[in-house]
Amino acid sequence: MNKIDKIYEGKAKILYTTQDPDLLIQYFKDDATAFNAAKKGTIHEKGIMNNRIAAKIFEYLAGCGIPTHFERQLSDREMLIKKVSIVPLEVIVRNRAAGTLCRLLGLAEGAALACPTLEFCYKNDALGDPLVNEYHIRALGLATDEEMTKISGLALSINGHLQAFFRKLNIELIDFKLEFGRAKGDIILADEISPDTCRLWELGTGEKLDKDRFRRDLGNIEEAYQEVLRRVSA
Ligand code: UDP
């Protein structure tokens with residue numbers, strides 16, 4: 001399978017068409033951004049690490065019965081994926097308070113939540129990906145009610161599977177972001193799941209093994225991604 005045309009370049013990934021109209025190649029870059037791209041940098045070999053980590057996680061979720069866009073890993077930085085039409089929502093699942101939720105609700109970082117919490121943000125860079133509710137989603141026609149029922153059910157189910165997956169690796173899944181796509185009339189998991197899109201804290205110590213090390217200049221960024229890769233590959 002070869003890359004033909006570049007059809008999209010985002011902050012961390014590039015998408016290319018292939019000979020098969022139903023399949024794309026997703027290429028992982030080393031570029032990192034934070035705070036709606038106000039902070040930019042690169043993380044050495046992040047693309048290689050995230051490609052492998054995301055592949056492992058997609059394989060695991062597929063084994064749990066979650067429909068995903070992942071087909072197979074092609075090379076260090078490339079995976080073959082199903083072509084989807086992305087639902088323009090970032091679906092955030094939270095198990096503890098962190099990041100924007102702390103600022104929104106005045107919670108301490110790491111504060112317990114009585115139940116897993118779902119948030120939806122409208123994918124729109126110019127607006128800074130604003131938080132939206134189900135009425136906004138319906139009013140703007142971003143997704144149908146039926147799609148939102150599927151997306152919410154899948155997001156919560158993925159959370160349960162991933163919490164168990166990471167717990168076995170001595171990691172607590174604090175929060176993460178998902179994107180879903182429409183493919184042949186169905187909703188499937190798309191994009192990536194990696195330390196770029198999750199908050200992962202070492203169980204016991206709370207040491208951060210994710211992009212917060214880049215966001216907050218905590219150092220040992222590559223080492224944290226390597227450590228997650230090492231554990232998911234073990
Ligand atoms: N997240 C992401 N992409 C985004 C925004 C958030 O992958 O554009 C992830 C982020 O890494 C974290 C979770 O979603 O694991 C919740 O992020 P939050 O809303 O707290 O925003 P942040 O503080 O990361 O800006």
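Scope of the values below: all heavy atoms of this structure, side chains included, with no hydrogens, waters or symmetry mates. Just so it is clear, the model here is predicted, and its values are computed rather than measured. All residue numbers in this chain count up from 1 along the given sequence. Each ligand, and each atom within it, is numbered from 1 in the order the structure gives.
Using modelled atom types and a 3.5 Å distance limit, the side chains of T33 and R215 yield no donor-acceptor pair. In the model, E192 has a side-chain atom that pairs as donor or acceptor with a side-chain atom of S194 under 3.5 Å.
When only interatomic distances are considered, the shortest N/O to N/O separation between D129 and ligand 1 does not fall below 3.5 Å. The shortest N or O to N or O distance between E119 and ligand 1 is not under 3.5 Å.
The line from CD1 of I171 to CG of L169 is 5.5 Å long, rounded to the nearest 0.5 Å.
The part of D196 lying near ligand 1 is the backbone, judged by heavy-atom distances below 4.0 Å.
Ranking the protein heavy atoms by distance from atom 12 (C) of ligand 1 puts D175 OD1, 3.1 Å first. Ranking the protein heavy atoms by distance from atom 5 (C) of ligand 1 puts E90 OE1, 3.7 Å first. Looking from atom 14 (O) of ligand 1 to the surrounding protein, the closest heavy atom is K177 CB, 3.5 Å. When only non-hydrogen protein atoms are considered, atom 23 (O) of ligand 1 lies nearest to R199 NH2, 2.9 Å. Given atom 21 (O) of ligand 1, the protein heavy atom at minimum distance is T100 CG2, 3.4 Å.
A salt bridge links K3 to E78: at least one charged side-chain nitrogen sits closer than 4.0 Å to a carboxylate oxygen. Using a cutoff of 4.0 Å between basic side-chain nitrogens and carboxylate oxygens, K39 and D217 are scored as salt-bridged. At a threshold of 4.0 Å, the pair R213-E223 does not count as salt-bridged, since none of the basic side-chain nitrogens sits closer than that to a carboxylate oxygen.
For ligand 1, the atoms closer than 4.0 angstrom to any heavy atom of R215 are 10 (C), 11 (O), 24 (O). Each of the atoms 20 (O) of ligand 1 lies under 4.0 Å from some heavy atom of A98. Under a 4.0 Å criterion applied to the non-hydrogen atoms of I92, ligand 1 contributes the atoms 16 (C), 19 (O). The G99 neighbourhood of ligand 1 comprises atoms 20 (O), 23 (O), with distances under 4.0 Å to a heavy atom of that residue. Less than 4.0 angstrom separates some heavy atom of R94 from each of these atoms of ligand 1: 16 (C), 18 (P), 19 (O), 20 (O).
The two residues D210 and C198 come nearest to each other via the heavy atoms CB-O, 3.2 Å.
For residues 8-66, the pairs satisfying ring-ring contact (aromatic ring centres under 6.0 Å, His included) are F58-H69, F58-F70, Y60-F165, with sequence neighbours left out.
Just one of D30, N51, D196, D31 meets the side-chain hydrogen bond (donor to acceptor under 3.5 Å, both in side chains) condition when paired with K46; it is D196.
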